[in-house]
**Q** 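My questions will all concern the structure given below.
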Amino acid sequence: MKRGLVLLLLAYILSQFYRAFLAVLAPDLLADLALTPADLSFASGIWFIAFAAMQIPVGLALDRLGPRRTAAVLLGAAGGGGAALFATAQAGWQIAVAMALIGAGCAPVLMASYYIFARVYRPAVFATLASVLVGVGSLGNIAASVPLSLAADAVGWRGAMWALTAVTVATAIGCWAFVRDPDAVTGPTRGSLLDVLRIPAVWFVAPMLLVNYAPAAGLRGLWAGPYVAEFYGAALVGPVTLAMGTAMIVGNFAYGPLDRLFGTRKWVVIIGNLFGAAACAVLWLDPVPPLVATIALFAAIAAFGSSYAMTMAHGRAFFPAHLMGRGVTFLNLCSIGGVGIMQFVTGPLFEGAGGGAAGYRALFATFALALLAGCAIYLFAPDSRD
């Protein structure tokens with residue numbers, strides 16, 4: 001089981017990488033393929049929408065087939081195939097299709113790990129295990145910053161993507177070889193997504209998941225690149241995204257034990273996201289502050305926006321064993337789908353506001369208001385403790 005979890009961790013590092021790498025490659029793609037920031041926003045959104053759309057079939061597959069086959073086949077075929085298409089792309093639509101395939105390939109890897117955690121380990125440690133996994137997996141964010149920039153400079157962005165294709169396929173083969181499925185469920189085994197939706201707490205937890213990751217993922221995965229290049233210089237894109245990736249790792253590890261420390265999950269999530277909303281609001285008021293302030297505020301958004309695993313642990317506590325796969329994947333659909341929706345919205349919003357500082361002011365305002373709305377609904381969720 002341990003070797004299998006290590007392979008799933010490697011797969012999740014790739015998943016984190018793929019959701020963030022466009023920010024670093026953006027200048028090359030804009031120049032080589034004559035794309036616009038809105039085109040890249042659409043492609044980034046496609047990754048998240050494809051990832052989210054796959055959560056329902058992935059949940060069914062986890063409950064019926066187990067994590068081994070689900071993760072290995074999708075990561076190898078869709079993820080590896082999408083990376084290869086990206087490496088050979090000559091037009092914007094090919095980038096979008098490649099991102100959709102990569103998103104589908106990455107869709108099962110985190111949920112496969114969460115499924116194993118929920119079925120094999122004590123419920124009380126789920127939040128800590130989930131946060132550690134996301135924290136270590138966020139090394140993918142680090143790899144998709146300065147290291148990717150250096151690799152693209154050395155072998156070109158196409159050469160870097162071919163290397164990633166090989167790594168993705170090799171990781172999928174490792175998952176097939178070493179991941180072990182948990183023992184079969186005893187007791188009730190039938191159920192559907194409708195049974196998940198009949199759980200009242202889901203309707204209060206899901207809206208929080210729709211928004212809590214969207215600002216951090218939207219900035220780190222796309223907007224930080226064009227923003228920093230426009231106002232501070234393209235040479236600083238790598239360092240700023242590195243700071244955000246590091247903050248995400250710190251944030252995930254910081255959130256992990258807080259539910260056991262304070263005896264609550266709900267209030268840990270609410271307070272953290274209110275701080276994230278405050279950072280977005282500062283940028284709303286001053287969309288182009290001094291560089292040091294920008295780095296600090298972007299890092300704060302990344303760190304406080306890392307409440308995903310804690311919120312997932314909150315929701316997971318309401319699911320019976322036979323609905324665990326469908327339950328956690330539905331919540332993940334909300335989280336990743338929220339990022340995708342936000343990416344689709346922010347592209348036209350940015351252009352509609354006229355681009356430049358006014359466009360980014362509109363983005364930061366949207367991020368802040370979305371977090372506040374999510375917190376308002378989440379207030380009515382029952383707390384959960386294991």
**Q** Go through the steps to decide whether N252 and Y308 satisfy the test side chain to side chain donor-acceptor pair (under 3.5 Å), and finish with yes or no.
**A** CA-CA 8 Å; N252 276 290; Y308 164 83; over 6 Å; no

**Q** Check whether any side-chain N or O of H314 sits under 3.5 Å from a backbone N or O of P382 as a donor-acceptor pair, and report yes or no.
**A** yes

**Q** Between S335 (side chain only) and L331 (backbone N and O only), is there a donor and an acceptor less than 3.5 Å apart?
**A** no

**Q** Are any non-hydrogen side-chain atoms of F367 and L219 less than 4.5 angstrom apart?
**A** yes

**Q** Any Lys/Arg nitrogen of R68 or D181 sitting under 4.0 Å from an Asp/Glu carboxylate oxygen of the other?
**A** no

**Q** Judged by atom type as modelled, is there a donor-acceptor pair below 3.5 Å linking the side chain of R361 to the main-chain atoms of L285?
**A** yes

**Q** How about N332 and T329: does a side-chain donor come under 3.5 Å of a side-chain acceptor?
**A** no

**Q** Is the shortest heavy-atom distance from the side chain of F350 to the side chain of T346 under 4.5 Å?
**A** no

**Q** Judged by atom type as modelled, is there a donor-acceptor pair below 3.5 Å linking the side chain of Y255 to the main-chain atoms of F304?
**A** yes

**Q** I'd like to know if the side chain of D63 and the backbone of R326 have a donor-acceptor N/O pair within less than 3.5 Å.
**A** yes

**Q** Within the 4.5 Å heavy-atom criterion, are M208 and C375 side-chain neighbours or not?
**A** yes

**Q** Does F51 offer a backbone N or O that forms a donor-acceptor pair with the side chain of Q55 under 3.5 Å?
**A** yes

**Q** Does W203 reach the main-chain N or O of L197 with its side chain, forming a donor-acceptor pair under 3.5 Å?
**A** yes

**Q** Short question: side chain of T366, backbone of A362 - any donor-acceptor pair under 3.5 Å?
**A** yes

**Q** Donor-acceptor pair, D383 side chain versus K266 backbone, under 3.5 Å?
**A** yes

**Q** When you compare the side chains of Y18 and T168, does any donor N or O come within less than 3.5 Å of an acceptor on the partner?
**A** yes

**Q** Does NZ or CZ of R316 fall inside the cone over Y114's six-membered ring, less than 6.0 Å from its centre and within 45° of the axis?
**A** no

